[in-house]
Amino acid sequence: MKSSALAHPNIALIKYWGRSTNQPSYLNIPTNDSISMTKETIPNANSEIELITQTTIEFSESYNEDTGFLQTEGGDIQFNEVQMERIKKVVDALRASAKVDLKFKMISKNMFPTAAGLASSASAFAALATCASDALNLGLNKRELSMYARLGSGSASRSIHGGFVRWNKGDSHETSFAEQICECNEFNIAAIIALINRGKKEVSSDVGINYAHTSIFNPVKIKKSEEQAIEVLKAIREDDFRTVGSISEKNCLYMHSVMMTSDPPLFYWNPNTLKVIRQVVNTRRQFFQNHDLIKKGIQEKGKKGLECYFTVDAGPNIHCLCRNEDIEKTANMLCEIGISETDMVRVRPSVEGSRVVKEHLF
Ligand code: ADP
Ligand code: DP6
């Protein structure tokens, strides 16, 4: 009864930030639908970071308690009580479904910074649900797996799938699940993550999300997100980068407006996040000015600016969204403001979602 799985994190284009108050909060039923891109590092890109979590779990009579460890370069670190509680939420539900009473040992490894706003909780709980259900021989489909992953972390429901994904908010455990809306190669988009700070954020998403309802802007964010989710879904299917980029950027700002005006207020950005935001907005402005001049026949094509957009999750690190063919121009744009190559992670939509693998961590 041992299994291992891999999963990738995802970047939300339409954000989840708030749990429904009509359902028990442990179910992580969101207040609005969300849409994301499951992300993987572009192969051969010059980065030591891989956007992957690998997890191994074993159920056995030889264990007399549940234990979990995060494998790091400095050695294995035992998950603390709060972290174990989240892990057990997923495993307990699966154990109950399998009618198995055995204790487990799990070891997990994130090949990218943990708790830094890059969605380690998303890949972690997607990988955990996938290997634990396999070890328990439950034979679950992706929709069912996304429901169990959600219990660990809302955004993890989306990392069960590759490519582009919608999490239908639903109104119960059975109706709140994620589904793939489009495969990785059906929509032309890439991104560079500017790593502003690899450290652990001060307020985890799990805690910060509880304050969303205290912001006066929250009802507007929820209503707009519902509308934007429909628009973005359509635009992804029509391969319309401009619409996806501009709506995603706005939705990110709505979420951060809620964060900054909640009680207590949450400021996930730092000055360098804002520096990148300004650079993206200015570079895009140049592109559109240039675009107008080209239309009037005044300038040669492609001389200035770049069509790019930004989005930021709960942390200082920022995703610059661009078309595939513009990824090196995006890198140059970041370089101009002093972001070094080692702090750039080039990403694309992942080919696969979470999956069982043969290699075990112990
Ligand atoms: P992030 O932006 O990285 O998702 P969060 O604060 O939302 O940051 O989530 C970090 C939390 O997710 C950790 O404190 C831990 O509880 C959990 N987590 C991260 N990685 C793993 C892992 N590999 N296995 C189990 N839990 C993990
Ligand atoms: C800003 O899914 O990490 O990344 O369900 O409490 O674990 P919990 O929260 P989590 O929150 C994700 C918030 C976000 C936006 C998003 O991914 O939709």
Side-chain angles (χ1 to χ4, degrees), residues 5-7 9-20 25-39 51-57 68-72 76-91 106-129 131-132 149-159 165-167 169 176 178 193 197-212 221 225 229 248 251-252 254-256 258-259 266 268 311-317 319 361:
L6 298 182
N10 65 78
I11 175 70
L13 302 172
I14 300 300
K15 313 283 189 190
Y16 151 58
W17 193 252
R19 301 185 182 103
S20 163
S25 72
Y26 72 89
L27 286 178
N28 288 340
I29 308 291
T31 46
N32 57 263
D33 289 355
S34 54
I35 294 191
S36 61
M37 171 180 110
T38 305
K39 57 189 176 183
L51 292 169
I52 295 180
T53 294
Q54 181 179 0
T55 303
T56 301
I57 193 162
F69 301 84
L70 186 68
Q71 195 176 89
T72 70
D76 290 356
I77 301 171
Q78 188 148 15
F79 286 111
N80 64 31
E81 219 174 290
V82 175
Q83 293 168 328
M84 269 316 274
E85 231 171 75
R86 288 177 82 174
I87 291 167
K88 287 216 260 184
K89 259 173 81 179
V90 177
V91 181
M106 73 83 103
I107 297 192
S108 186
K109 178 166 90 174
N110 298 324
M111 298 173 205
F112 61 98
T114 300
L118 296 178
S120 66
S121 57
S123 48
F125 291 104
L128 178 66
C131 65
R150 166 174 46 75
L151 299 175
S153 175
S155 53
S157 62
R158 299 186 307 238
S159 273
V165 182
R166 177 178 57 190
W167 172 15
K169 64 177 178 184
S176 185
I193 307 171
N197 187 338
R198 297 171 196 231
K200 189 170 177 285
K201 54 185 138 178
E202 279 170 31
V203 182
S204 79
S205 308
D206 194 37
V207 172
I209 220 163
N210 294 322
Y211 311 137
K221 184 260 171 194
S225 296
S248 301
N251 188 266
C252 157
Y254 296 159
M255 179 183 74
H256 283 275
V258 167
M259 290 165 162
L266 299 170
Y268 284 109
T311 187
V312 191
D313 273 347
N317 302 309
H319 287 64
L361 288 175

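Counting convention: from 1, in listed order, for ligands and their atoms alike.
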Please confirm whether Asp206 comes within less than 3.5 Å of ligand 1 when only nitrogen or oxygen atoms on both sides are compared. no
Under 3.5 Å, N or O to N or O, is Ser34 touching ligand 2 that way? no
How does Arg158 reach ligand 2, if at all, at less than 4.0 Å between non-hydrogen atoms: by side chain, backbone, both, or neither? side chain
Give a yes/no verdict on whether any heavy atom in Lys200 is under 4.0 Å from an atom of ligand 1. no
Please determine if Thr114 has a nitrogen or oxygen closer than 3.5 Å to a nitrogen or oxygen of ligand 1. no
For ligand 2, which part of Asn28 has a heavy atom less than 4.0 Å away: the side chain, the backbone, both, or neither? side chain
Can you pull out the closest protein heavy atom to atom 17 (C) of ligand 1? Residue, atom name and distance to 0.1 Å, please. Phe125 CE1, 4.1 Å
List ligand 2 atoms under 4.0 Å from Asp206, heavy atoms only on the residue side. 6 (O)
Write out the residue and atom name of the closest protein heavy atom to atom 18 (N) of ligand 1, then the distance separating them to 0.1 Å. Ala124 CB, 4.1 Å
Looking at ligand 1, is there an atom of it that comes within less than 4.0 Å of some heavy atom belonging to Ala314? no
Using a 3.5 Å cut-off on N or O atoms only, is Gln83 in polar contact with ligand 1? yes
Test of proximity, Trp17 against ligand 2: N or O pairs below 3.5 Å: no
Out of all atoms in ligand 2, which are within 4.0 Å of some heavy atom of Ala314? Include the element for each. 1 (C)
For ligand 2, find out whether one of its N or O atoms is nearer than 3.5 Å to an N or O atom of Ser155. yes
In ligand 2, which numbered atoms sit nearer than 4.0 Å to a non-hydrogen atom of Gly154? 2 (O), 5 (O), 7 (O), 8 (P)
Show which atoms of ligand 2 fall inside a sub-4.0 Å distance from at least one heavy-atom site of Ala12. 16 (C), 17 (O), 18 (O)
